[in-house]
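See structure below.
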Amino acid sequence: MAPPTTEQLFLQLPEYRVIVGRKCQHAIQPTKIVTHLRHPNHRIPTLDAQYIQYTVSTWQGFVQEPQGLIFPHSVIYPIPGLAVYTDGLSCTVLENCDYVCRSIDSIRKHIKVEHNLGLNPHGRPPQCELPILHELQAECMQRVTYQRLFLSRKGSYYIYVRQPPDNQ
Ligand SMILES: [Zn+2]
Ligand SMILES: [Zn+2]
């Protein structure tokens with residue numbers, strides 16, 4: 001069987017200066033393509049993978065390292081090619097606060113630290129205040145859809161998708 005072509009494997013997103021794996025639905029560093037394609041997800045032989053990485057290296061204008069890139073914190077419509085996740089939590093304290101995360105603890109911390117909303121700003125609130133505090137905080141968050149460009153720690157963060165596919 002002929003190996004897949006580079007275009008079949010990767011989508012170019014010049015607007016964000018990244019390439020996205022069509023199958024894995026996240027951005028991949030051009031220099032990590034051989035490693036990526038040899039992974040059990042793809043099982044592409046080394047020589048083919050090296051050729052594909054070489055082809056990508058001839059594409060102009062794509063960043064080699066995700067560090068230092070500035071990505072949007074929110075988009076209106078999903079970025080093409082990236083997986084769409086629906087288990088995000090976003091902050092609703094301010095309309096322009098695009099903070100999105102996945103864990104209730106992270107958003108509680110954000111609400112407390114960034115917006116100074118906590119019954120007891122100094123240290124942990126007493127046990128008896130926790131239910132009221134959590135109820136107040138629950139009004140400051142909502143379930144949202146998000147995407148991520150890179151999955152590795154350094155270029156990974158949550159991009160809030162304001163118009164998820166279902167609402168279009
Ligand atoms: Zn992949
Ligand atoms: Zn916020």
Side-chain angles (χ1 to χ4, degrees), residues 1-13 16-57 59 62-66 71-76 78-85 87-121 133-162:
M1 202 176 76
T5 66
T6 311
E7 280 78 11
Q8 282 169 342
L9 288 166
F10 297 106
L11 174 71
Q12 304 184 28
L13 288 185
Y16 302 102
R17 301 175 65 212
V18 294
I19 59 158
V20 168
R22 292 184 193 268
K23 184 178 181 190
C24 304
Q25 298 189 299
H26 60 79
I28 291 157
Q29 285 175 243
T31 53
K32 302 268 167 72
I33 284 176
V34 173
T35 317
H36 183 84
L37 292 180
R38 289 175 58 196
H39 189 269
N41 274 354
H42 293 283
R43 294 184 187 282
I44 289 179
T46 307
L47 268 180
D48 294 330
Q50 282 169 342
Y51 177 73
I52 290 163
Q53 178 163 315
Y54 166 74
T55 307
V56 170
S57 76
W59 293 352
F62 295 94
V63 286
Q64 304 299 310
E65 295 287 333
F71 296 127
H73 284 280
S74 72
V75 289
I76 296 176
I79 298 173
L82 295 180
V84 175
Y85 304 93
D87 62 339
L89 284 168
S90 85
C91 166
T92 60
V93 176
L94 298 175
E95 207 179 316
N96 61 355
C97 180
D98 286 336
Y99 181 81
V100 173
C101 63
R102 233 166 29 172
S103 87
I104 196 108
D105 284 341
S106 302
I107 195 137
R108 279 180 181 151
K109 189 173 167 210
H110 164 84
I111 290 168
K112 186 176 171 190
V113 173
E114 295 298 323
H115 304 297
N116 207 11
L117 286 179
L119 293 185
N120 180 355
L133 178 60
H134 290 169
E135 204 174 301
L136 281 175
Q137 288 171 331
E139 289 175 17
C140 302
M141 60 182 89
Q142 62 180 356
R143 278 269 163 225
V144 292
T145 298
Y146 66 92
Q147 293 181 299
R148 299 166 77 187
L149 275 166
F150 289 96
L151 300 188
S152 62
R153 243 173 47 120
K154 286 190 174 168
S156 139
Y157 72 85
Y158 302 102
I159 302 168
Y160 177 13
V161 178
R162 295 184 179 276

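Atoms within a ligand are numbered from 1 in the order they appear, just like the ligands themselves.
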Next on the checklist: At less than 2.8 Å, would any N/O/S atom of H39, backbone or side chain, sit next to the Zn ion (ligand 1)?
Outcome noted: no
Checklist entry - Would one find an N, O or S atom of H26, in either backbone or side chain, under 2.8 Å from the Zn ion (ligand 1)? => result no
Checklist entry - Nearest to the Zn ion (ligand 1), which N, O or S atom of H42 do we find? => result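 Output for this pair reads NE2.
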Distance in Å, [X] [atom1] paired with [Y] [atom2], rounded so as to fall on 0.5 Å steps:
X	Y	atom1	atom2	result
H110	L89	NE2	CG	11.5 Å
T5	Q8	OG1	CD	3.5 Å
R108	S103	CZ	OG	9.5 Å

Checklist entry - Is there side-chain contact between Y146 and Y85, with heavy atoms separated by less than 4.5 Å? => result yes
Item to check | Aromatic plane relationship, H26 with H36 - under 30° parallel, 30 to 60° tilted, over 60° perpendicular | outcome: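 If you compare the ring of H36 with that of H26, the planes turn out perpendicular.
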Checklist entry - Counting only protein atoms, how many N/O/S atoms are less than 2.8 Å away from the Zn ion (ligand 2)? => result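 Number of qualifying protein atoms: 4.
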Item to check | is_close_aromatic(Y157, H73), centroid dist under 6.0 Å | outcome: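 Y157 vs H73: aromatic centres under 6.0 Å.
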Checklist entry - So, the side chain of K23 versus the backbone of F10: is there a donor-acceptor pair under 3.5 Å, distance only? => result no
